[in-house]
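Notes for the one structure printed next.
Just so it is clear, the structure is predicted and the values come from calculations on it, not from any experiment. Letters A, B, ... are given to chains in the order of the sequence lines, protein chains preceding strands, and every chain is numbered from 1.
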Number of protein chains: 2
Amino acid sequence: MEAGEPTSLQIEKQSLHDQVASRIRDLIIEGHLEPGSRIDEAKLVEQLGVSRTPFREALRTLAAEGLIVIRPARGSMVRKLSRADVFSMLEVLAEMERLAGRTACERASDSEIAHARDLHERMLEYYRSGERMPYYKLNQEFHTFIASLSRNETLCEIQGNIMARLKRIRFIGNSEPEHWRAAVDDHEEMMDALAARDGQRLGDIMAHHLSETWQRVKNVI
Amino acid sequence: MEAGEPTSLQIEKQSLHDQVASRIRDLIIEGHLEPGSRIDEAKLVEQLGVSRTPFREALRTLAAEGLIVIRPARGSMVRKLSRADVFSMLEVLAEMERLAGRTACERASDSEIAHARDLHERMLEYYRSGERMPYYKLNQEFHTFIASLSRNETLCEIQGNIMARLKRIRFIGNSEPEHWRAAVDDHEEMMDALAARDGQRLGDIMAHHLSETWQRVKNVI
DNA sequence: ACACCATATACTGTATCCAACCGGAATTCG
DNA sequence: CGAATTCCGGTTGGATACAGTATATGGTGT
């Protein structure tokens with residue numbers, strides 16, 4: 001959701017609660033805060049070296065983003081995703097990516113498509129050398145980039161939000177070799193469709209890609 | 001502070017910032033706070049009779065929802081939607097409703113479809129008697145209900161969020177009689193498709209319905 | 001007239017206090 | 001002896017006062 005514009009010359013005059021929110025987001029995504037675990041306000045405030053006010057503001061933000069749950073007078077906890085939660089997110093995300101794929105083919109410039117190709121090539125290398133983590137990072141970037149080609153701000157925002165919520169789970173997902181291979185094949189097809197500017201096909205592949213993710217992931221939860 | 005939903009026996013143990021957030025949300029949606037206008041923290045705090053702490057937490061929530069914009073050290077303002085913003089939201093919303101329509105046909109019970117029919121009939125009456133406001137309210141409820149039939153929590157959440165952002169604009173939208181009539185016709189078709197459990201068709205109509213909304217609205221912004 | 005500086009007016013962040021509430025433990029009663 | 005009630009500790013929620021800082025405004029000097 002944040003991660004805004006590195007392009008603009010804007011001074012990153014982020015307010016403290018934004019920084020705190022980003023920090024906690026990372027802690028959650030990277031697994032330093034277990035899903036379902038209580039968030040000890042006093043302890044985290046101590047660790048981060050900020051006072052309670054901006055910290056609590058940050059918690060409200062994360063709650064609105066759906067990353068944590070706040071129960072009045074009982075503190076907040078990292079949101080634990082149920083099977084149904086994950087399925088519903090993937091179902092929505094699939095349609096988001098379908099839309100992104102369809103419109104990207106209409107709205108992207110040639111150089112942007114070339115850049116997508118470049119990202120894809122680099123992912124291929126990481127796949128061949130079996131480096132999961134860099135592949136995973138690039139994968140995120142690839143999907144985010146395709147979304148941006150839709151020129152649809154709202155779509156980017158929602159896609160980013162859902163991906164943030166699912167990050168840890170998706171990472172777990174492609175641990176098995178054959179799954180990983182299938183994912184890479186999908187990406188190959190995506191690049192074909194994008195190069196041919198076949199929006200319908202690209203959208204279908206991207207949606208299908210996520211239904212495969214569900215197959216991958218559903219037994220792990 | 002009339003909260004409004006006495007529907008379930010749910011304990012109304014809402015924390016203060018939630019109440020404040022709802023209150024401000026209503027102020028924005030009902031137009032008491034103009035888009036683009038600065039939000040005078042001190043004044044609103046005074047009016048609402050709360051202190052700054054829950055108020056600012058509420059602002060953070062609304063910012064995460066996209067209803068207001070907070071610029072560090074320069075205060076917050078009601079988000080002003082550009083043409084592109086509205087288009088992007090409608091484009092996303094259309095896909096959301098398409099998904100809702102498609103899956104609703106698979107997952108809804110007969111009695112739920114009957115309830116949708118009931119909502120539709122009541123809307124028809126308001127249409128015939130020309131009562132815009134009650135029609136509008138029921139219209140919101142109708143679309144929200146269809147979304148709920150998808151059994152997809154995430155979809156409901158996002159659809160609700162986008163609808164909240166667009167509420168004022170959509171209300172402006174159907175001021176012209178012929179547009180209103182077209183909208184009613186769409187709803188008639190929706191009910192047909194839902195009754196026939198033709199998910200593809202229902203999804204298409206609902207998406208098309210929103211592209212009409214864009215045609216309605218685009219000149220007003 | 002324009003530029004620059006000083007002051008005023010916010011908004012942001014901190015610290016502290018008190019009240020309300022949840023959960024568990026101890027006590028009491030059946 | 002078991003169960004319900006009560007009490008208490010710890011945590012969260014809300015209010016307020018205060019300090020720091022950035023923006024904006026207005027005035028002054030060239």
ask   = Are the charged groups of B:E131 and B:R122 less than 4.0 angstrom apart, N to O?
value = no
task = Answer yes or no: does atom CZ of A:R151 have more than 12 heavy-atom neighbours from other residues, nucleotides or ligands under 6.0 Å?
result = yes
key: Inter-residue atom distance A:L149.CG - A:T103.OG1, 0.5 Å rounding   = 8.5 Å
ask   = For atom CD of B:E46, is the number of surrounding heavy atoms from other residues, nucleotides or ligands below 6.0 Å larger than 12?
value = no
message = Determine whether a donor-acceptor pair (N or O, by modelled atom type, separation under 3.5 Å) exists between the side chain of A:E95 and the backbone of A:V92.
response = no
key: Proximity to DNA chain D (any heavy atom under 4.0 Å), residues of residues 35-43 of chain B only   = none
key: Between D:dG13 (C1') and A:R71 (CZ): distance, integer Å   = 15 Å
remark   = Between CD of B:E46 and C1' of D:dT16 the distance, given in whole Å, is 14 Å
key: Aromatic ring proximity B:H143/B:H209, centre distance under 6.0 Å   = yes
ask   = Taking CE from B:M77 and P from C:dC11, how many angstroms apart are they, rounded to a whole number?
value = 14 Å
message = How many whole angstroms separate atom CD1 of B:I68 from atom P of C:dC11?
response = 12 Å
inquiry  = At less than 4.0 Å, is any side-chain N or O atom of A:H17 found next to OP1 or OP2 of C:dG13? Yes or no.
reply    = yes
ask   = Knowing that exactly one of A:W180, A:F142, A:Y126 qualifies, which makes a ring-ring contact (aromatic ring centres under 6.0 Å, His included) with A:Y135?
value = A:W180
remark   = note: B:Q19, atom CD; D:dG13, atom C1'; distance rounded to Å ~ 12 Å
task = Check the pair B:E91 / A:T154 against side chain to side chain contact (heavy atoms under 4.5 Å, CB included), numbers first and verdict last.
result = CA-CA 9 Å; B:E91 195 171 55; A:T154 306; over 6 Å; no
Rounded distance (Å) that lies between atom C1' of D:dG9 and atom CZ of A:R74 = 17 Å
ask   = Between residues 47-64 of chain A and DNA chain D, which residues have a heavy-atom gap below 4.0 Å?
value = A:R52, A:R56
